[in-house]
Amino acid sequence: MVNKPFDYKTWCRKSSYHIPGCVIGHDKESPALKHFWQSWSKNILFNKERINSLPALNELYDPGWADEPCLVVAGGPSAYERMDDIGKAQAAGWRIVAVDKIYGALRAHGIRPDMTISLDSQDIVAEWFDGVPIDKTDKFGVCITSSLKTYDALDGGSVYPFAVVKSNKDFENVILQYFGRKYFSVRAGAIVTFDAVEFALWMGCDPIVTIGNELSYERIQDVPKRNSIKK
């Protein structure tokens, strides 16, 4: 895999991004868009002044990580089981890009991620940072649709909001109304690990390895029946 830095204005254009039917939440009638539209819109209204005072995630895109190895750590059981190995990887020079849910566990094991990505719009995300000391050396990429409580929980860190490029014009217009194109930074939008991987791609990392991708379910029996993975 060869991953070199891209110009985000080119990378994020719709002609480079949208493949009909392949990305959850892009179709106007999709269940994801219907389910989350209200919370996304509400969070944007609550967060708009704070977000507009912060630098965009795409301002970090830089060849400074080019050709460096990167471990993207998601929130599934395998990540918790391999904390010692993750720590060894970091000590050996690997960049660590984490998702929000695993952040506290990493810090408890003495691992400070180079970047932590948060996407979900629900208030529960803020609880994943409870009791964890956060300062300006901690970097977080946080979606503009994330909960106000999540932004509050990360207030002591360095926060870089991002928006997901959407093919749905209605929601894109909401983003453009309040932020213009400043925060469009990633193309993936349904799963936080995808955004973490894309951040590593933007930074030019090579190779990129992921761990903890079991959707945080310890057993297949625990996956809700409505979930497509079980079907």
Side-chain angles (χ1 to χ4, degrees), residues 3 5-12 17 40 43-66 68 70-75 90 95-104 106-107 111-123 125-126 128-129 132-166 172 174-176 178-205 208:
N3 308 310
F6 299 92
D7 171 68
Y8 85 91
K9 291 180 181 178
T10 300
W11 183 246
C12 285
Y17 177 49
W40 288 349
N43 289 343
I44 282 178
L45 288 173
F46 284 152
N47 291 332
K48 62 180 180 177
E49 291 185 7
R50 174 182 283 173
I51 289 172
N52 274 317
S53 70
L54 296 170
L57 183 65
N58 59 55
E59 293 182 29
L60 293 178
Y61 296 162
D62 184 272
W65 290 15
E68 293 187 16
C70 179
L71 185 60
V72 174
V73 186
Q90 185 173 56
R95 296 283 185 175
I96 304 296
V97 177
V99 305
D100 42 20
K101 186 175 182 181
I102 200 71
Y103 178 79
L106 290 171
R107 291 296 306 276
I111 303 165
R112 189 186 292 266
D114 295 280
M115 171 60 69
T116 301
I117 302 294
S118 186
L119 174 67
D120 200 300
S121 62
Q122 300 176 90
D123 290 346
V125 173
W128 298 338
F129 302 100
V132 184
I134 293 173
D135 61 40
K136 290 299 181 182
T137 62
D138 296 300
K139 295 181 179 180
F140 302 93
V142 184
C143 189
I144 61 170
T145 58
S146 292
S147 165
L148 177 64
K149 291 184 178 180
T150 300
Y151 274 90
D152 286 342
L154 301 177
D155 193 49
S158 296
V159 177
Y160 299 84
F162 67 88
V164 176
V165 178
K166 295 287 183 184
E172 186 175 86
V174 173
I175 297 173
L176 292 172
Y178 292 111
F179 308 110
R181 301 200 64 83
K182 176 180 177 179
Y183 293 103
F184 286 122
S185 302
V186 298
R187 302 181 309 163
I191 299 174
V192 64
T193 307
F194 292 178
D195 290 328
V197 169
E198 189 165 355
F199 176 81
L201 284 167
W202 276 108
M203 300 299 280
C205 293
I208 298 170

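Residue indices begin at 1 and follow the sequence shown.
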Identify the two heavy atoms, one from [X] and one from [Y], that lie closest to each other, and give their separation to 0.1 Å.
X    : Y    : answer
I102 : A98  : CG2-CB, 3.8 Å
V174 : I44  : CG1-CD1, 4.2 Å
I208 : V197 : CD1-O, 4.3 Å
L45  : Y178 : CD2-OH, 3.0 Å
F179 : N52  : CD2-OD1, 3.4 Å
V99  : G75  : CG2-N, 3.7 Å

- Item | Pairs where residues 144-153 contributes a residue and the test side-chain hydrogen bond (donor to acceptor under 3.5 Å, both in side chains) is met, not counting sequence neighbours |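 Found R50-D152, D123-S147.
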Output the distance between atom [atom1] ([X]) and atom [atom2] ([Y]), rounded to the nearest 0.5 Å.
X    : Y    : atom1 : atom2 : value
I96  : L106 : CD1   : CG    : 7.5 Å
T116 : D100 : OG1   : CG    : 8.5 Å
L54  : I144 : CG    : CD1   : 12.0 Å
K139 : L57  : NZ    : CG    : 10.5 Å
N58  : Y160 : CG    : OH    : 11.5 Å
E59  : Y183 : CD    : OH    : 7.5 Å

- What is the ring orientation for W65 with F199, classed by angle as parallel under 30°, tilted 30 to 60°, or perpendicular over 60°?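 The rings of W65 and F199 stand perpendicular, inter-plane angle above 60°.
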- Query: Taking D138 for the side chain and D135 for the main chain, is one N or O donor matched with an acceptor at less than 3.5 Å?
  - Reply: yes
- Message: When you measure from the side chain of R95 to the backbone of D114, do you find a donor-acceptor pair of N or O atoms at a distance under 3.5 Å?
- Response: no
Taking the side chain as everything from C-beta on, heavy atoms only, tell me whether [X] gets closer than 4.5 Å to [Y].
X    : Y    : value
P133 : R107 : yes
I134 : L154 : yes
W202 : S185 : no
F194 : V186 : no
S118 : D120 : no
V97  : M203 : no

- Message: Please confirm whether the ring centroid of F140 lies under 6.0 Å from the ring centroid of Y103.
- Response: yes
